[in-house]
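Just below is one structure, and these are the notes that go with it.
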Number of protein chains: 2
Amino acid sequence: MQTLSTEDYLKAIYHASQFTSSTVATTSIANKIGAKPSSVTDMFKKLSEQKLVKYEKYQGVSLTNEGVKTALRIVRKHRLWESFLVSHLNFNWDEVHQVAEQLEHIQSEKLTNELERFLDYPTHDPHGDPIPNRALFMKSYNKILLTELPLNKEAVCVGVKDNSSDFLRYLDRRQIGIGTPILVLHREDFDQSLHIQAGNSTLMITQKTAENIYIKP
Amino acid sequence: MQTLSTEDYLKAIYHASQFTSSTVATTSIANKIGAKPSSVTDMFKKLSEQKLVKYEKYQGVSLTNEGVKTALRIVRKHRLWESFLVSHLNFNWDEVHQVAEQLEHIQSEKLTNELERFLDYPTHDPHGDPIPNRALFMKSYNKILLTELPLNKEAVCVGVKDNSSDFLRYLDRRQIGIGTPILVLHREDFDQSLHIQAGNSTLMITQKTAENIYIKP
DNA sequence: AAATATTTTTAGATTAGACTAAATACTATG
DNA sequence: CATAGTATTTAGTCTAATCTAAAAATATTT
């Protein structure tokens, strides 16, 4: 049986894999999990014995097929729960992560599948991230960062890269959310800040903000 | 912070306390939890240090006020989740226990309170057990066992004592559930078996069955 | 009330997951 | 390409929760 901890590691490795084509480094997982590198090494060995990761000393890890499946099962639960919290329990999108971190470990296939049905088979969570279906398949938009959007081209916000409460609440204050139409009116060459139209209001956002917003043209 | 395990012990002690006015014995908790008595002794000491139980060597334990509160918080979550599983996720009343055992450990006051609101402040779970409200107060019916019901007195099933899947599915087959009207037509002196009217059908039930059904006259 | 049976506790060991400190292997620079 | 710097692993501890086996206390029976 999976312990809570092995699940956390698998999920961390899965997410870290998204950003690199090669193997995932010990330290990068240590930082994500909030553990020391030596603890991570221990866990890599253990996951390797369980054939959930491929691990060679000093060479980092990569998930096996079985490891990917296990990670996706957790991601599926995490995102379904986040959706539930927002759609039915009055949670804001910046409050759901910590609770979903707990709920994602609940073991019951029936629960997961019934929750999915109850939510009417959502394809994306409150942050715009895709939800794996029962077969663990998910389709993501071909989204791009707001920094890539040409001037005066219509687009819609479909996700965020930074999921921190601070950033999400900042977007709330700016009235930017999933589904908000966005148009870049002007790009300032000096500091790459953007003058945009978001919904009905026009406002200025920094480059740092823009590179954490996903849009679909 | 409470570990998963201390919560399980507190809940077990709470439930065991319901059936006795004196202290709860080491072995009785060992049996409930599925642990050896020596492990239980260790945990009693630990809970005692945390002032959640009163413990004297060889004298068993009793919950302190703080211990009762902690236990009730868990019971509250357990019963709310059971209600949710049955009312919205198509779980049958015999399937909910195992999943609720996991869900009851999720830590988030907001989650619990919003779930309660979403369910419209239920007072009883699918087995007829009372759900503590936000202030941890609960009101139980003055229910009695079906064995106590006089002949030809109208009553309604309001709960079950045995929560096992086997018993609950047996009741399903007999079409007895919470809310079912019940009338005792005849009590067999020989083996105390009952001839009853349950809803529209008349049927025979054993004494063992009758002493696991709570009714309200 | 003594002897026996049962319950409970103690002592010492085990496991999973984490840690620190030291050793070893990679990587990048001069 | 040697060496300094960084990343990773190893070795040895620690803690929480469990266990077994043996000892001690309580309860029951004769």
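Treat the numbers as computed from the prediction; the structure is a model and nothing was measured. Quick note on labels: first sequence line is chain A, next is B, and so on, each numbered from 1.
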- Item | Which residue lies more 5' along DNA chain C, comparing Glu56(B) with Lys57(A) via nearest heavy atoms | Glu56(B)
- Message: Of the options dC19(C), dT9(D), dC19(D), whose atoms approach the side-chain atoms of Ala35(B) most closely?
- Response: dC19(D)
- Task: Calculate the interatomic distance between Ile33(A) atom CD1 and dA18(C) atom P; express it in whole Å.
- Result: 8 Å
- Task: Just compare dC19(C), dT18(D), dA21(D) and give me whichever is closest to any side-chain atom of Ser38(B).
- Result: dA21(D)
- Task: Establish whether the base of dT9(C) is bridged to the side chain of Thr26(B) by a donor-acceptor pair shorter than 3.5 Å.
- Result: no
- Looking only at side-chain atoms of Ser5(B), point me to the closest of dA18(C), dT18(D), dA24(D). dT18(D)
- Item | Given Arg76(A), Arg134(A), Arg79(A), the one that forms salt bridge (charged side-chain N to carboxylate O under 4.0 Å, His left out) with Glu116(A) | Arg76(A)
- Just checking, any donor-acceptor pair under 3.5 angstrom between side chains of Thr41(A) and Ser38(A)? no
- Message: I'd like to know whether NZ of Lys208(A) has more than 12 heavy-atom contacts from other residues, nucleotides or ligands below 6.0 angstrom.
- Response: no
- When the distance from OH of Tyr55(B) to C1' of dT7(C) is rounded to whole Å, what number comes out? 12 Å
- dA16(D) P sits how many Å from Asp8(B) CG, rounded? 17 Å
- Message: Whole angstroms only, please: what is the NZ-P distance between Lys45(B) and dA16(D)?
- Response: 14 Å
- Message: The side chain of Ser39(B) is closest to which nucleotide in this list: dC26(C), dT10(C), dT18(D)?
- Response: dT18(D)
- Query: Closest approach of Val53(A) and Leu10(A), non-hydrogen atoms and distance?
  - Reply: CG1-CD2, 4.2 Å
- Task: Give me the one residue out of Lys161(B), His97(B), Glu82(B) that meets side-chain hydrogen bond (donor to acceptor under 3.5 Å, both in side chains) with His127(B).
- Result: Glu82(B)
- OP1 or OP2 of dA18(C) sitting under 4.0 Å from any side-chain N/O of Tyr9(A)? yes
- Rounded distance in Å - NZ (Lys36(A)) to C1' (dT13(D)): 16 Å
- Message: Rounded to whole Å, how long is the line connecting atom CG of Asp42(B) with atom C1' of dT10(C)?
- Response: 9 Å
- Message: Whole angstroms only, please: what is the CD1-P distance between Ile29(A) and dA18(C)?
- Response: 13 Å
- Whole Å only: how far is the CE atom of Met43(B) from the P atom of dT10(C)? 16 Å
